> 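One structure coming up, written as structure tokens, with questions to follow.
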There are 2 protein chains.
Amino acid sequence: MLRRANVVAGALDLLDAEGLDGLTMRKLGVALDVQAGALYRHFPNKEALLDAMADQLLEGVDGPLPPDLPWPDQLELLGERLHTALLSRRDGARLVSGTFAPGPHTMAVSRRAAQVLAEAGFPPERAWELTFAVFYFILGHTIEEQAQSRMPAGDNWTTRLAAAGLDTHDPLATGLRTLAVADPGERFSYGLRVFLAGVQQYAPEDAAGPSNAESS
Amino acid sequence: MLRRANVVAGALDLLDAEGLDGLTMRKLGVALDVQAGALYRHFPNKEALLDAMADQLLEGVDGPLPPDLPWPDQLELLGERLHTALLSRRDGARLVSGTFAPGPHTMAVSRRAAQVLAEAGFPPERAWELTFAVFYFILGHTIEEQAQSRMPAGDNWTTRLAAAGLDTHDPLATGLRTLAVADPGERFSYGLRVFLAGVQQYAPEDAAGPSNAESS
DNA sequence: ACCTGAACACCGTTCAAGT
DNA sequence: ACCTGAACACCGTTCAAGT
């Protein structure tokens, strides 16, 4: 007999095999030796299944954080963990970004990040807001990483950009080509640190920050 | 006779009427008084049409920037313009985020942002990287804005999050509920400024920044 | 309660044939 | 060159009927 957890596990394996666009209720039926219609005894629709898959993907991201770590480093660690989890399955970032109803793991991770920010002195709304903001960056960056990795090496997004109208002698054009071959993980970490530097600067209790933390 | 530009314009109007999920080659055919198959004389597939629509949406974002404006303000202006353009059509952010091949307007906007950062002293690769990073934040934030606006008022993403496991007396829970009714435009601007504060701090020529701009 | 078999109402895309 | 008409190979979802 089919259990809800089996369906999610089978769907995630099918995701690795077929990608998000190739993930079909019918193919999932075949993979689980069941008619496609039978899946609707466990999930009201495909959207709900995708939500469950996304939440499963985030299992473990909300692990304990070293309490002696400064809060910006805690956030960086959380961001790197999320990044790793998204990369663990093909199209993982696209899967999570399409989530409609957040599951328990999604909840736990978000809450953890917001709590770190609240303890750093941000008012609760700002803590949530910045949590979402950083997550958007992480999702967007990882979506692009996973899109690039599935493309022929000579046909990157960046390659197209470079070819489409940039002079060969333009330093910006060469920089774009350099980017195309750069380590995506290093790029991600750099972007994350830059964003977190901004967050740190806006922290009310951070003495090094400007006085306009809540104005301007 | 149908022109490529007519197809794009009709498709954008259909997008407003039906949303991205309801945008169908067959419906577009009806709207343009043409068989669906006829559209394939102008675009090789639906993906190419969506790319053209996304690029059209970004027309005008790459307008001239006041040259006397400090570069962080130039970036903020560019970001706000992009935000506005994405909001100008239903599901505009989702449309642009799904873009595969960047068109001329997408190119121009990206290049403009990268150039501002390059002139601020960033090496070209970092300039591109940060351009993408900020765009990811903008797209993600705007996708969520547009998703929220199409949901029943009492059933926000944030409302679900709040209901799913947060204590009523938890300040984080109340903060989340506050967020749900906050002005999305103000939230966007705040997040953008925070990110740009980080960027500014990493700028090599910014004396106020830390010395570890390229290390760590 | 769970699953099968089969249908319903759609999709994107192709292509001979018309004009 | 552009469009029609009609098909092909799929989708997600529903639901009587079986066990």
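Nothing here was measured: the structure is a model prediction, and the numbers come from that model. Here is the naming used below: chain letters follow the sequence lines, and residue numbers restart at 1 for every chain.
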> Which nucleotide in the list dT13(D), dC3(C), dC2(D) gets nearest to the side chain of Met1(B)?
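Nearest to the side-chain atoms of Met1(B), counting from C-beta on, is dC2(D).
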> Quick one: which residue pairs count as a salt bridge (Lys or Arg N to Asp or Glu O under 4.0 Å) with a foot in residues 38-65 of chain B, not counting sequence neighbours?
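Sorted pair list: Asp62(B)-Arg112(B).
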> Identify all stems in which DNA chain D takes part, counting only runs of at least 3 consecutive pairs (Watson-Crick or G-U wobble, each distance under 3.5 Å), and give each as one range with another, ordered by first number.
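Looking at DNA chain D, the stems formed by three or more consecutive pairs are C:4-8 with D:12-16, C:12-16 with D:4-8.
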> Working to the nearest 0.5 angstrom, can you tell me the gap between Leu130(B) CG and Phe195(A) CZ?
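It is 12.0 Å, given to the nearest 0.5 Å.
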> In whole angstrom, give the distance that lies between atom CG of Leu49(A) and atom P of dG12(D).
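Rounding to the nearest Å, CG of Leu49(A) and P of dG12(D) are 10 Å apart.
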> Are Phe122(A) and Tyr202(A) an aromatic pair, judged by ring center distance below 6.0 Å?
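Between Phe122(A) and Tyr202(A), which both carry aromatic rings, the centre distance is not below 6.0 Å.
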> Applying side chain to side chain contact (heavy atoms under 4.5 Å, CB included), name anything that partners Val34(A), two or more places apart in sequence or on another chain.
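For Val34(A) the side chain to side chain contact (heavy atoms under 4.5 Å, CB included) partners, ignoring immediate neighbours, are Leu2(A), Ala38(A), Leu39(A).
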> Whole Å only: how far is the CD atom of Glu47(B) from the P atom of dG12(C)?
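Atom-to-atom, Glu47(B) to dG12(C), this comes out as 13 Å.
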> Looking only at side-chain N and O atoms, does His42(A) come under 4.0 Å of OP1 or OP2 in dC2(C)?
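The answer is no; no side-chain N or O of His42(A) sits under 4.0 Å from OP1 or OP2.
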> Rounded to whole Å, how long is the line connecting atom CG of Asn45(A) with atom P of dT14(D)?
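These atoms are roughly 8 Å apart.
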> What string of B, S and - do you get for nucleotides 4-11 of chain D 5' to 3' if you count protein non-hydrogen atoms under 4.0 Å?
BB-B---B
> Got a sec, which pairs hit side chain to side chain donor-acceptor pair (under 3.5 Å) with one end in residues 1-23 of chain B, sequence neighbours left out?
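Residue pairs with at least one partner in residues 1-23 of chain B: Asp13(B)-Arg89(B), Asp16(B)-Arg89(B), Glu18(B)-Lys27(B), Asp21(B)-Arg94(B).
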> Sorted by first residue and then second, give each ring pair (Phe, Tyr, Trp, His ring centres under 6.0 Å) pair with at least one member in residues 72-96 of chain A; sequence neighbours left out.
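As it turns out, the ring pair (Phe, Tyr, Trp, His ring centres under 6.0 Å) pairs with a partner in residues 72-96 of chain A, which skip direct neighbours, are His83(A)-Phe188(A).
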> For Leu39(B) and dT13(C), give me the distance from atom CG to atom C1', rounded to whole Å.
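Nearest whole value for this atom pair: 11 Å.
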> What is the distance from CG of Leu28(A) to P of dG12(D), rounded to the nearest Å?
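After rounding, the reported distance stands at 10 Å.
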> Show your working on side chain to side chain contact (heavy atoms under 4.5 Å, CB included) between His105(B) and Val61(B) and close with a plain yes or no.
CA-CA 8 Å; His105(B) 292 123; Val61(B) 174; over 6 Å; no
> Measuring from Phe135(B):CZ to Glu144(A):CD, what's the distance to the nearest 0.5 Å?
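Taking CZ in Phe135(B) and CD in Glu144(A), the distance rounds to 12.5 Å.
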